[in-house]
Asks: 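My questions all concern the structure below.
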Amino acid sequence: MSFAETFFNWDVLVNSFPLLLSGLKITLFLGVVAIIAGLVLGLIVALVRLYGVKPARIIAKIYIDIFRSIPILVLLIVVYYALPFVGLRLSPFMSAALALTLVSGAYTAEIFRAGIEAIPRGQFEASQALGLSYRHMMADIVLPQAIRIVIPPLTNNCINVMKDTALASVVAMPDLLKQATQAQALEANPTPLIVAALMYIAILWPLVYLVGRLEKKYRNEVAR
Amino acid sequence: MTDIVSISKLSKKFGSFTALDGIDLNVAEGEVVCIIGPSGSGKSTLIRCINLLEQFDSPGRIVVDGTTVKRGKELARVRAEVGMVFQSFNLFPHMTIRQNIKLAPMRVRKTGDQAADKLAQQLMQQVGIEAQADKYPDQLSGGQQQRVAIARALAMKPRILLFDEPTSSLDPEMVGEVLDVMKRLAESGVTMLVVTHEMGFARQVADRVVFMDGGKIVETGKPDAIFDDPREARTRNFLNAILAH
């Protein structure tokens with residue numbers, strides 16, 4: 001068998017393509033759900049961590065530290081295989097979405113916190129001295145400046161979440177990687193794996209490019 | 001004359017450090033008061049208490065234009081009536097000069113866009129920065145930025161303007177243009193409380209000079225009296241030290 005027949009076998013590709021496509025859809029759906037849920041969770045945790053009452057701030061800090069320390073694969077296996085022992089049985093999709101969201105939320109919280117804390121104290125003081133309400137201070141002064149700071153690291157985090165969706169294949173979720181390994185076993189040919197790899201690159205390369213552009217843009221503009 | 005600001009028994013501790021130690025001070029309408037004194041004497045802390053950027057200890061009391069300064073609903077009104085110009089300008093970097101000036105009147109006073117625009121135009125002319133209207137703060141020199149900050153504070157039509165060492169972070173050649181603007185404001189009757197190291201300005205413009213040291217007001221009087229004939233040894237030492245060079 002030639003190299004091309006082994007790794008880029010057209011017949012195998014055609015046969016397995018529908019399976020791969022269904023896997024890609026699930027991967028994208030899982031990634032988008034975890035990213036959005038992680039953003040919401042992260043913003044809430046960041047605000048609690050910065051402005052909550054003291055016990056809430058401590059809980060937020062512990063949450064962030066734990067979920068930044070635990071490997072996602074370990075968390076996923078705990079959620080999927082350990083929680084049923086306490087009567088909580090989640091589907092593969094729910095397990096994966098939960099694990100990814102919890103971890104992404106912790107990273108996102110740190111990104112938001114750093115973004116808000118990067119705004120100089122003078123900006124808060126000038127807003128207060130002018131008599132702006134808390135709402136206007138946040139909406140007109142603090143968040144517009146913080147958003148510019150957090151967009152590149154947030155996009156980076158999106159890339160990581162998308163990549164980590166592949167871990168869901170270990171809890172039998174039919175995502176892109178799972179479908180690719182199955183097709184590979186079925187056809188006794190690695191072409192589906194190669195195609196899956198190319199699909200991951202195709203969705204993530206634009207994001208990687210975007211991060212580079214954004215970082216450059218905001219570096220040039222400095223604060224504005 | 002009515003007092004715009006009246007401060008009584010004001011104290012403030014940072015941990016075990018006493019920043020302010022029983023300050024009593026009134027500022028009358030139209031008066032220009034300059035506060036001088038060595039670093040760490042509490043000058044900046046004092047004026048930052050007036051709009052509660054710094055929380056002071058009880059039982060100190062500050063009344064601004066009839067309203068007691070404390071946390072709560074009235075605070076926004078006090079802050080709207082008290083303009084402040086900072087040492088480090090603190091302009092909003094993501095907004096143009098015009099937007100910097102228009103924002104607070106529109107958000108706090110609910111001024112319409114056109115009226116705010118007219119107001120901004122007039123203020124930019126007053127401080128000589130109308131040519132920079134659509135630039136961003138980082139495109140301006142320090143002196144220009146500080147003049148924008150003055151215009152931004154004036155846009156709220158405050159009852160009193162507080163200046164926290166407005167020229168201390170400026171290059172020497174830009175100090176004059178900012179002091180000129182402040183001098184013109186003083187002459188037009190704006191009530192001002194100025195923390196400054198510019199003794200020439202204090203002497204020329206102030207109605208009253210307050211010398212602080214160690215969180216206390218050591219001496220207060222007409223500029224000529226303070227600069228030419230200080231009663232307190234501490235005032236004399238301070239003035240000798242800074243006027244010697």
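Every chain is numbered from 1, with letters handed out A, B, ... down the list of sequences. Scope of the values below: all heavy atoms of this structure, side chains included, with no hydrogens, waters or symmetry mates.
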Asks: If you count heavy-atom pairs within less than 4.5 Å of chain A, which of B:R107, B:M84, B:R109 leads?
Replies: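 Highest number of pairs under 4.5 Å: B:R107.
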Asks: Rounded to the nearest 0.5 Å, what separation is found between the CZ atom of B:F92 and the CG atom of A:L130?
Replies: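 These two atoms lie 5.5 Å from each other.
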Asks: Where does B:F86 contact chain A at under 4.5 Å (heavy atoms): side chain, backbone, both or neither?
Replies: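 Contact with chain A is through the side chain of B:F86 alone.
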Asks: Flag yes if more than 12 heavy atoms outside A:R89 fall under 6.0 Å of its CZ atom; otherwise flag no.
Replies: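 Atom CZ in A:R89 is not packed in, count stays at 12 or less.
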Asks: Inspect the surroundings of NZ in B:K110 and state if more than 12 heavy atoms from other residues, nucleotides or ligands are less than 6.0 Å away.
Replies: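 Atom NZ in B:K110 is packed in, count exceeds 12.
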Asks: Can you name the closest pair of heavy atoms from A:Q145 and B:P93 and give their distance?
Replies: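 Heavy atoms only, the tightest pair is OE1-CG, 3.1 Å.
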Asks: CE of A:M94: more than 12 outside heavy atoms within 6.0 angstrom?
Replies: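 Count not over threshold, so no.
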Asks: Just wondering, are more than 12 heavy atoms of other shown residues or ligands nearer than 6.0 Å to CD in B:Q114?
Replies: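 At most 12 heavy atoms, drawn from other residues, nucleotides or ligands, come within 6.0 Å of this atom.
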Asks: Is atom OH of A:Y51 surrounded by more than 12 heavy atoms (other residues, nucleotides or ligands) closer than 6.0 Å?
Replies: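 Buried by this count: over 12 neighbours within 6.0 Å.
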Asks: Where on B:L52 is there a heavy atom nearer than 4.5 Å to chain A: the side chain, the backbone, both, or neither?
Replies: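 Interface part for B:L52: neither.
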Asks: Using heavy-atom distances under 4.5 Å, tell me whether B:R152 contacts chain A through its side chain, its backbone, both, or neither.
Replies: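 Backbone plus side chain of B:R152, per the 4.5 Å heavy-atom cut-off to chain A.
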Asks: For B:L53 versus A:Q128, what's the shortest heavy-atom pair and its separation?
Replies: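 Of all heavy-atom pairs spanning B:L53 and A:Q128, the closest is CD2-OE1, 3.4 Å.
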Asks: OH of A:Y209: more than 12 outside heavy atoms within 6.0 angstrom?
Replies: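 Count not over threshold, so no.
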Asks: Please give me the minimum heavy-atom distance between B:L103 and A:I141, naming the atom from each residue.
Replies: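 The answer is CD2-CD1, 3.6 Å.
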Asks: Measure the CZ-NE2 distance between A:R148 and B:H94 for me, rounded to the nearest 0.5 Å.
Replies: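 Answer for the CZ-NE2 pair, A:R148 versus B:H94, is 7.0 Å.
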Asks: Would you mind checking which part of A:S127 comes under 4.5 Å of any heavy atom in chain B, side chain (CB onward), backbone (N, CA, C, O), both or neither?
Replies: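 Both parts, backbone and side chain.
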Asks: Highest number of heavy-atom pairs under 4.5 Å with chain A: which of B:L75, B:V78, B:N51, B:L91?
Replies: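 Highest number of pairs under 4.5 Å: B:L91.
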Asks: Quick one: closest heavy-atom pair of A:L132 and B:A104, and the distance?
Replies: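 Distance-wise, the nearest heavy atoms are CD2-CA, 4.3 Å.
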